Structures are given as structure tokens and as C-alpha cells.
K.L.:
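Dropping a structure here in C-alpha cells format, bear with me for questions.
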Amino acid sequence: MCGIIARIGRGDATETLLSGLENLEYRGYDSAGIAVQNGSGVKVHKTTGEVDDLKSTLDARPSGNIGIGHTRWSTHGPPTDENAHPHTDTAGDVAVVHNGVIDNYDALRAELRERGHEFESDTDTEVIPHLIDEYRQESEDTELAVRKAIDTLEGSYAIAAIVDGEERVYAARKGSPLVLGLDEEEWFLASDVPAFLDHTDEVIYLEDGDLVVLEPDAYRITNVAGEPVERSVDTVDWDPEDAGKGEYDHYMQKEIHCQPTALSNTIEGRVEDGTVAFDDLESGSFADVDCVQFVACGTSFHASMYGAQLLRAAAVPTEVIRASEYEAAAGPVDEATLVVAVTQSGETADTLDAVRTAAGRGARTLAMTNVVGSTAAREADDAIYIRAGPEVGVAATKTYSSQAVTLALLTHRLAEDVPDATPADDAEAMLEALEDLPRHVETVLETSQARALAWEVMDNQSYFFIGNGFGHSVALEGALKFKEITYEHAEGFASGELKHGPLALVTEESPIFAVYTGGDDEKTKTNAIEAQSRGAPIVAVGPDDHPLVDVADAHLCVPETHPVWAGLLANVQLQLVSYYAAKLLDRPIDKPRNLAKSVTVE
Ligand code: F6R
């Protein structure tokens, strides 16, 4: 977790660092800091809290053309001023920001202490500036000292360092993301592109083992041995406006409302005359696949349930496995197993670990992600992008919709390629109906009664979400979103499971959101009615023409469409309910407590 940024060039670095950190806050927001270098020492400013808190501690903006910055999600040590980054060596000459985890920091710290180094924080990071300082004293060659220091580290890192008196930024990556941004008059390094998207869309995605030296008018990439490394320059097709909140109060609200556009981008150019095409994956490229495993976490897991249900309908043996449980839960794999890692960020440690395990066991791997150049995209054998545009709100919204649609398209392709697959009877109808999905989402956004409903249902004890089939995925996702941003107790169940235990919790103070899609929803209807007879208010979430609507206490309506897409429309209604409920409760919607968007620790 954590976001890092570095900047070197003409003019002052501070404003760029602060605005870059704001765009990285989705990665962590329990403390923040910057260090700038201006020829009269390295000046560090850091504090507990968010980037706004950091800004308010800066009476006068520190000036300097070279700087680094950090926004933290604590792993080692609580969120305190001392544990905030940047960290320095004892003399304060070397300042470092770090994203990742140094596994051998305890041993390194003990050795360094014996040699006279003093530590001020509980963090694993603090050993890095001390190591650089030690090696600099041996040779006075800072680049060599950085190489030796990172060679000593075990674990994962993206680091950026500045050194008193040097017109340089040093950086390195292993296992944590780091992107180089190239503008005409300045260079950037950051954990993610939105940090510098206002300045440039020309990027280099660095690889594990890369070490970068930035100078005001040049940059060099080498490996740890100091040998030059060639990396290609890519142009990012995100709009700088994608990185801001625009007219909305929250990123989450913006991201819910831009789903029609996100979905149009997801679909564009991929469906023609009833067939599905993905760049770089020609027809027949899955002809040697005989079974599929989806691995994912959280919201991406819920989207994967969509893919799994569709694939099973096409007679392709499929498992959907929580990535953190992969070691224990996955069935055997071989080269005919396609392991699909569904991950918005492409950086989730549990998912990456599952993919590496699967690849180690001989499986073919495919990353389905939103982030070009992410670790999942680079490590998997193939990558498919969901093209949702940057998602900054910690609660995933538009990426769930784009993942589910991309998964539906992938299953269509697999059903064509996999030798024993038999495309589902309604596969063509599903593709045809997809064309109208962005328009239907627009209709939901324009007509939703979710805001009024949120006001009505708040002030209850628990909130339950049920659904079967595609509705099951949506029920789980609805409950996750609700608890994540309202902090209220919410659970999602397969409709039929309600009576196997959870019914004991049902009272008149536990509204039940019953998600149905117009497919086989019988269990949702009967279980909702059973809960209603125990006093629970029922909110029906689905198309108008359904018997549940007549018995429900409230209805969130979605347009009539194919059941697969009706589920996604129901999910948009639930996103809106969660958003308005959290707003009513005055929660920090974009930055829920204890969470961060990309979970890069296991
Ligand atoms: C919930 C949420 C998380 C993520 C999960 C996986 O709103 O965003 O549950 O879905 O941490 O993240 P990715 O998709 O980046 O692997």
C-alpha cells in the first residue's frame, strides 16, 4: 500500500508533489509527507492525517526543484508523525519514501544500531536511508550506495530517495508499482499515473529490478548491477479530467455516474456480428484450454462470480477462488487450465500471489485489469483491459460493472474456442442486449429513488442483501459496498441460505434488499417473503414486471433487459443506496477508515 511521488525539473516541486499526493490518496491516507532539496539541505515535512492536514502544517511552502512525497497506509507501526514518510538517515542528508514491505528490516535495524545508527520510527522503511548513508561513506558514490542498499533489502519496494547537495532523484522497484512520467521540463516518478497526469501522458512502466537516476535534463535506467536497461515509452489514453472529481462531491459519486461512458469504452470494438474479439487474442487462442479458474478479492471476486456462472452455462468446468485462499482451495491445474486474475488495480498482493502459484504449477494465466502496465498485466501470459478509466474512490463501482461486462465477453470467446464448450442458448440474446446497457444505466441514474430510500431505511440495526444466480453476486457486492462506506452492519447471502441460519438475525429492524434479475428468481421471492413474515421490510431491486414488486415494501426499479444485465443495473441502484446512506451519515465516502484502494500486502 502507500503512494509515492518524486519530481525533478525547473521551478518549484512542492505544489506538484502535494497535488500528486492528493491523486494518490486512494492508496493510503493515514499520514503524509514531503521532502524537498534546495541546495541548503533536505527539508522534511510530515504529519499524521491526510494531505490536507499536511498542507495546513506548511506555514510557508518549502521551496526546491527536487522533491519526494508519500501518503501512507500503515503496515509497520501506527499512524504517527514519526512513522510518516519521508524517513532520513541520522544526519538528515538522505530522505526516502517507500511503498512495500522490507521483510529483513528487523535484522538490518539491529546491525545498523550496533554501528551507531539512531532510529526514530517503528517503520521498516527507515533502514533504507541508513543503509544508503553507510554505503555512501564507503565510496561517496551515491548511485553505487543506492544499488548496494537495495541489494541488501529483502521484500518488496518502490522507493525514491533524494540526497543533500545532489541534483538527482534515485529510485528503484521490486514488487511494488513505479511509473516514470516524462514531460518536457520535468520528470516524475509515482506509484500510479494519476499522480502526474496533469503534466504528462508519456510514461515508462518500470520493471522489477530497475534502478532509475533522474537529473534535471536526463534520466537513466539500469539494473542492480548498473548495466543500462531499455524501456519503451507509452502514451496513456486517460484524460487529465479523469483524475479529478469534476462537478461531483465525491469520486465515488462521479464514478457511479460515469458508468455509461465507462461501459461504452469497455464494449467498444469488441463485439461484431455476434462474435467477440480482444486485441492480441486471436480467434482460437483458447483452443487448448479445458477448464478455467477465476482468482480475485473483494469486489473483483463478486464480478468473477458472474464470469463463472456464464462459463458453467457454456459447459466449461470453472472454479472461482478467493485469491487469499488459493493455496488451500484451488483444484489441480495443468497447462490446459486458464487462471484468470480479475483485479482492478493489478497490484493486489493476494491475487498476484495466487497467479504466481498457479503459473508455478503449470497453468496458463490471464490478467483482467483496469491498469495498463500493472504487475498483473506484466506477469500474466496475457492481459485484457476493462477500460473503465481511473477509479479513485476506494469503494469500487464502475470497475465492477466493467469487469462483469468484460468477463461476459471473455466467456463468449471461451465458449467459441474451448473444444468441449457449448454456447448457452441465450448467449446471442445476451450480446444483443449488451448494446443497450450503457443507455439503461443512464436511465437508472436519472430515475433512481435510491436517495429517498436511503433516508427512509437508515437507522436500522442490520441490512441484508439476498439474491440468487447473478443476483447472488450483486447481493454480496451490495452488502460489501454498504458496510464499507456506511460502517453499518450489512451481510449478503444467496437467497436460499437465509433460512439456514441468518434468519435468526432478521427482525423489523433489518431491511432486506432482494435482488432479482428476471431470470430464475423463485428462491429470492420465497425467502424474501419468509423474512417479511418475521417483520423485515423488503426492498425489491430489479425490473418492474415481477411478483416480488407487489409484495415488497419498496422498489428500486431497473429497465427490462437480459437477466445478466438486469443484475448489473440492480447493482447500480445499490451503489446509489450505499452512497446516499453514507452521505447521510457523514462518512468519509472516498476514504473509508482502515481501507485503501490497492492492497499490496498479504
Ligand atoms: C471494495 C473494493 C475491494 C477490492 C479488492 C480487490 O469496494 O474495492 O474489495 O475489490 O481489494 O482489489 P483489486 O480489484 O484491485 O484486486
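Model, not experiment: these values are computed from the prediction. As the structure lists them, so they are numbered: ligands from 1, and atoms in each ligand from 1. Residues take their numbers from the sequence shown, with the count starting at 1.
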K.L.:
Do L434 and V405 come close enough that some side-chain heavy atom pair is under 4.5 Å?
P.N.:
yes
K.L.:
Looking only at protein heavy atoms, which one is nearest to atom 16 (O) of ligand 1, and what is the separation?
P.N.:
T348 OG1, 2.5 Å
K.L.:
State whether the shortest distance between N or O atoms of Q403 and N or O atoms of ligand 1 falls below 3.5 angstrom.
P.N.:
no
K.L.:
Return the closest protein heavy atom for atom 4 (C) of ligand 1 as residue, atom name and distance.
P.N.:
T299 N, 4.1 Å
K.L.:
For ligand 1, find out whether one of its N or O atoms is nearer than 3.5 Å to an N or O atom of T351.
P.N.:
no
K.L.:
T299 vs K481, test: side chain to side chain donor-acceptor pair (under 3.5 Å). Steps then yes/no.
P.N.:
CA-CA 9 Å; T299 292; K481 216 88 312 174; 3.0 Å; yes
K.L.:
Return yes or no for this condition: an N or O of S345 is under 3.5 Å from an N or O of ligand 1.
P.N.:
yes
K.L.:
Can you name the atoms of ligand 1, numbered from 1 with element, that are less than 4.0 Å from a heavy atom of A395?
P.N.:
7 (O)
K.L.:
Taking the side chain from N370 and the backbone from I386, do they hold a donor-acceptor pair closer than 3.5 Å?
P.N.:
no
K.L.:
To which of C297, G346, S304 does the heavy atom nearest atom 5 (C) of ligand 1 belong?
P.N.:
C297
K.L.:
Output yes when E488 and K483 qualify as a salt bridge under the 4.0 Å nitrogen-oxygen rule, no when they do not.
P.N.:
no
K.L.:
Looking only at heavy atoms, what is the nearest atom pair of T71 and G28, with distance?
P.N.:
OG1-O, 2.6 Å
K.L.:
Could you tell me if the ring centre of Y463 sits under 6.0 Å from that of H489?
P.N.:
no
K.L.:
May I ask you to list the atoms of ligand 1 that are less than 4.0 angstrom from any heavy atom of K481?
P.N.:
1 (C), 7 (O)
K.L.:
Please write down residue, atom name and distance for the protein heavy atom closest to atom 11 (O) of ligand 1.
P.N.:
V599 CG2, 4.1 Å
